[in-house]
Amino acid sequence: MAPQTRKTSFPKIVIERETESEQSSSEEEEEDEELDEEEDDGVFTRNATEEEEEEEEEAAAAKSVSNSKKMKEKAPITISLKKVCKVCKRSGHQAGFQGATYIDCPMKPCFLCKMPGHTTMNCPHRVATEYGVIPAPQRSTRSSVDYVFGRQQMTRIPKIKPSFVIPDLVSCAVIRYHSRRVTCLEFHPTNNNILLSGDKKGQLGVWDYVKVHEKTVYGNVHSCILNNLRFSPTNDGTVYAASSDGTISCTDLETGLSQQLMDLNPNGWQGPSSWRMLYGMDVNMEKNLVLIADNFGFLYLVDIRTKNTGEGILIHKKGSKVVGLHCNPVHPELLLSCGNDHFARIWDIRQLEAGSSLHDLVHRRVVNSAYFSPRSGTKILTTSQDNRLRVWDSIFGNLDSPSREIVHSHDFNRHLTPFRAEWDPKDPFESLVVIGRYISENYNGIALHPIDFIDVSSGQLVAEVMDPNIVTISPVNKFHPRDDVLASGSSRSLFIWKPKVKEHQQEKTNFIFCGAAGKKGKRKSGEDSDDDDDESFASKGKKSNTKKPTRTRHYNLKVGS
DNA sequence: ACCTAATGTTGCC
DNA sequence: TGGCAACCCTTAGG
C-alpha cells in the first residue's frame, strides 16, 4: 500500500481584507508572515540553522506588523502557504500523518515517554511496553491460595494469560445511542448482559448487548456530564450517578425514575466560582455510604438511607478536582482518592480530616484514576497524564515510590474522556489491566488505536485489540466481572468484545481479529435515528456479508519485536 | 477529500 | 491566585 500524504498540495489562498477592521486575527497574522516568506521562497534552499530560522521568523513577524498596517487598504492578495511543521511551526520538516503512519515533530520531546532526544518512532517504550520495567518478584503479595492457584496454572501456561486475553477470534457488538462522547461504563452486578453507560450530556444508557436491540437511554437524569456510575450495594436495580451538574442521582433501571441523593448547587447558577461539580464516587457497603468528591477538593459522605450529607472534607488541594474515589474491596475503612493536584491519597474513613491521609502518592501530572486491586485490595494502580501507569505492589509495604512505572500512551486531550486503566477482576494474580491507546499504529495501511492489555507485574503488552472498522480512540474500557467480555466506549459508540468459539487452534503469536464491527458507510445526520445505528455481533453483520467478504485480518502482536 | 465546529483543561507566568 | 495561551495522533457532519 503506497503511503499517502494527507495534504498533497499547499494551495494559493485569496484573502479578502476587511478595510475597516482594526484588529488582525491570528490567522491573518500568520498569513502575513507567510506572505513575506514567500518572497524568499525561491531562494530558501540553503540549510538554515535553527537560530537563523528563528531570526528570520522574528524578522518576518516584525515586518508583518508594519505590513499589515501599510496594506490595510489593499485587497485582495494571493499568498502561498509554505510547508511548516504544524507542531513547532518551523520549516524544514513536517509532523503529521503520512498515510497511516504518524510522523512526530523532531523538535519536541517524544510524544510517548516525554523524554527529549528521540521521537515515538524509535522510542524504546513503543517497541516494548516493558522497557525499563523491573518485573515484580514472584513472591509478591499474593495470598497462599493465589500462590497455589498460580503454581497450578504455571505448569500449563508459562505466563499469566487468562484464556481470553489472547483470543483467537474476537467478535464485537457495537451500538451508538449516545449523542455525545461516552464518559463511563459499568456492568450490571448480577445480570450478565447489561451494560450501563454515561455520556457527556448526562444521559444514562442501559444496553442488553445479547439482545442487541434492547437498549434504553434516560436523558432526563442529569443536565451535564455524567462522571461516574455505581450500583447500589443493596439493590442491583438502582444505580447512582455523579454529574457535573452537582447532583447524585439514584435511578431505577426499569422505570428510569430518578431521585436525587444530593445536590450541591441548591441555589442554582451563581457563577463559575461557586458552581460545584461531582466527579469521583464510590459506594461503601459496610457503612451504607456514598462517597463523593467535587471540583473544589472536597469529599462528602452521604448516608444512603437518610440522605444525610456531612460536612465536606478537604482531601485534595483546595480548588482542585477530585476525579476518582475507590473503596478498598477488602478493607472497608480504606479509601483511595486521586485528583488533578497530581496526588493519589490513601485514607482511613474512620478518621477523615484535611491532611490526615495515610499516604500521599505523588505523580508528575494529573491522576486520572486510582484503584485498589479488585481481589486482595493490596495493590494500587494509577493512570496519570504523564503517560505512565503506576503500580504499588502492596499498600502494607513501602509506598514512597511506585513498584513499577509503565510508559503507555494515554495523553490528555480536551476532546477525549480521560483514559483510565482498569483491573481485570477475574485475574487471580491481579496483574491484568486494560487501557485504550492514544497514539495510533499503522495496521496494514490503516491507522488504528488499539485497546491494550497490559500485565502490570512485568509491564508487558499481552495483547492489543483493534478492528479495522473502528478508527476512533477508546479511552473508556471495562472488564466484565465474570465473563470473558470487554466493554469499550469510543467517542459516542459502545463496543462489546468477546472471544468467538474456537474453530481451530491458531498460532499463539498471532492475534486474529474478525472485523466488520463498525459501519464505515454514511450515517443519517439525525442523532436519534437509533435502530439504524445498531449493529449486532460481527458474525451476523449484514454489511460484511453482502458487500464484501468478511474481513479477517491477522495482526502480529507488537510485543518485544 | 477537505473544511470546520464543538469542545475545556492544563500548566505556566 | 488569576489570567491566559497552548493543546501532536478528535470526531462528526457538511
Side-chain angles (χ1 to χ4, degrees), chain A residues 4-11 13 26-27 29 81 84-90 93-114 119-121 123 126 176 178-183 199-201 224-225 227 244 271-273 275 277 279 295-297 317-321 323 339-342 363-368 384-387 408-419 436-443 446-450 466 470-476 489-493 518-527 529 533:
Chain A
Q4 294 176 312
T5 44
R6 195 166 262 185
K7 286 203 170 176
T8 50
S9 62
F10 291 82
I13 292 182
S26 60
E27 287 93 350
E29 275 168 28
L81 294 177
V84 154
C85 173
K86 65 176 182 182
V87 176
C88 72
K89 310 286 187 283
R90 282 188 249 203
H93 66 273
Q94 275 190 283
F97 277 103
Q98 288 197 359
T101 305
Y102 190 91
I103 309 297
D104 268 11
C105 169
M107 311 304 284
K108 291 274 181 160
C110 173
F111 190 59
L112 174 55
C113 73
K114 310 301 176 195
T119 66
T120 55
M121 202 62 87
C123 177
R126 190 166 200 182
R176 190 169 81 166
H178 286 288
S179 56
R180 289 289 181 267
R181 58 160 215 254
V182 173
T183 53
D199 72 16
K200 211 176 77 64
K201 221 178 170 184
C224 64
I225 186 164
N227 291 308
S244 289
S273 58
W275 183 260
M277 307 188 243
Y279 285 86
N295 57 328
F296 290 102
K317 187 179 169 185
K318 197 173 182 185
S320 75
K321 197 164 65 181
V323 289
N340 69 355
D341 64 350
H342 301 190
H363 294 68
R364 281 202 290 277
R365 284 287 183 271
V366 171
V367 189
N368 290 344
S384 172
Q385 288 179 12
D386 66 354
N387 263 0
H408 178 265
S409 173
H410 50 255
D411 286 75
F412 171 80
N413 179 315
R414 62 177 163 173
H415 306 285
L416 302 174
T417 302
F419 289 82
R437 197 191 305 174
Y438 189 83
I439 53 175
S440 65
E441 215 70 57
N442 184 341
Y443 295 97
I446 314 168
L448 300 175
H449 307 268
M466 83 294 289
I470 301 170
V471 295
T472 48
I473 294 173
S474 305
V476 193
S490 191
S491 184
R492 292 149 53 171
S493 299
K519 275 193 201 178
K520 289 223 91 172
K522 283 169 193 138
R523 286 179 181 280
K524 289 176 199 159
S525 56
E527 288 179 334
S529 59
D533 288 338

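Letters go in sequence order (proteins before strands), and every chain restarts at 1.
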Subject >> Distance, rounded to the nearest Å, where K86(A) contributes NZ and dA6(C) contributes P >> reply: 17 Å
**OP:** Check the distance between dT10(C)'s C1' and H410(A)'s NE2 and give it to me in whole angstrom.
**Re:** 18 Å
**OP:** With C1' as the reference atom in both, quote the distance from dA6(B) to dC7(C) in angstrom, rounded to an integer.
**Re:** 15 Å
Subject >> Listed partners of D104(A) passing side-chain contact (heavy atoms from CB on, under 4.5 Å), at least two apart >> reply: Y102(A), F111(A), T119(A), T120(A)
Subject >> d(CE, M107(A); P, dC8(C)) in whole Å >> reply: 15 Å
Subject >> Rounded P spacing from dT7(B) to dG14(C) in Å >> reply: 15 Å
**OP:** Applying side-chain contact (heavy atoms from CB on, under 4.5 Å), name anything that partners I225(A), two or more places apart in sequence or on another chain.
**Re:** R181(A), T183(A), K200(A), N227(A), S244(A)
**OP:** Could you state the atom-to-atom distance from CD1 of I473(A) to P of dC8(C) in whole Å?
**Re:** 14 Å
**OP:** Scan S491(A) against the nucleic acid and name what it touches under 4.0 Å (heavy atoms): base, sugar-phosphate only, or nothing.
**Re:** sugar-phosphate
Subject >> Rounded interatomic separation in angstrom, taking NZ from K114(A) and P from dC9(C) >> reply: 11 Å
**OP:** Give, for atom NZ of K114(A) and atom SG of C123(A), the distance between the pair rounded to the nearest 0.5 Å.
**Re:** 10.0 Å
Original post:
Between dT1(C) and K317(A), is there an OP1 or OP2 to side-chain N/O distance shorter than 4.0 Å?
Top reply: no
Original post:
Under the 3.5 angstrom rule, does the side chain of N387(A) hit a backbone N or O of D411(A) as a donor-acceptor pair?
Top reply: yes
**OP:** Nearest whole angstrom, please: distance from the C1' of dC9(C) to the NZ of K108(A).
**Re:** 14 Å
**OP:** Quick one: label I439(A) by what it contacts on the DNA or RNA (base, sugar-phosphate, nothing), any heavy atom closer than 4.0 Å.
**Re:** base
Original post:
Who pairs with H449(A) by side chain to side chain donor-acceptor pair (under 3.5 Å), at least two apart in sequence or on another chain?
Top reply: none
Original post:
For P475(A), which contact category applies under a 4.0 Å heavy-atom criterion: base, sugar-phosphate, or nothing?
Top reply: nothing
Subject >> Under 4.0 Å protein heavy-atom contacts per nucleotide of nucleotides 6-13 of chain B, with B for base, S for backbone only and - for none >> reply: BBBSSSS-
Subject >> Euclidean distance, atom CZ of residue R126(A) to atom C1' of dC8(C) [Å, nearest integer] >> reply: 12 Å
**OP:** Rounded to whole angstrom, note down the C1' distance from dT10(B) over to dT1(C).
**Re:** 15 Å
Original post:
With sequence neighbours left out, what residues match N413(A) under side-chain contact (heavy atoms from CB on, under 4.5 Å)?
Top reply: H415(A), L416(A), Y438(A)
Original post:
Rounding to a whole Å, what distance do you find between N387(A):CG and dC9(C):P?
Top reply: 13 Å
**OP:** Check every strand shown and say whether F111(A) touches a base, only sugar-phosphate, or nothing at a heavy-atom separation below 4.0 Å.
**Re:** base
**OP:** State which of dT11(C), dA12(C), dC8(C) makes the closest approach to the side chain of L416(A).
**Re:** dT11(C)
Subject >> Atom C1', compared across dA1(B) and dA12(C): separation rounded to whole Å >> reply: 15 Å
Original post:
How long is the gap from OG on S474(A) to CG on L448(A), to the nearest 0.5 Å?
Top reply: 10.0 Å
**OP:** Would you please name every residue forming a ring-ring contact (aromatic ring centres under 6.0 Å, His included) with H342(A), sequence neighbours left out?
**Re:** none
**OP:** Using the closest heavy atom to pick a nucleotide of DNA chain C for each, name whichever of C105(A) or T472(A) lands nearer the 5' end.
**Re:** C105(A)
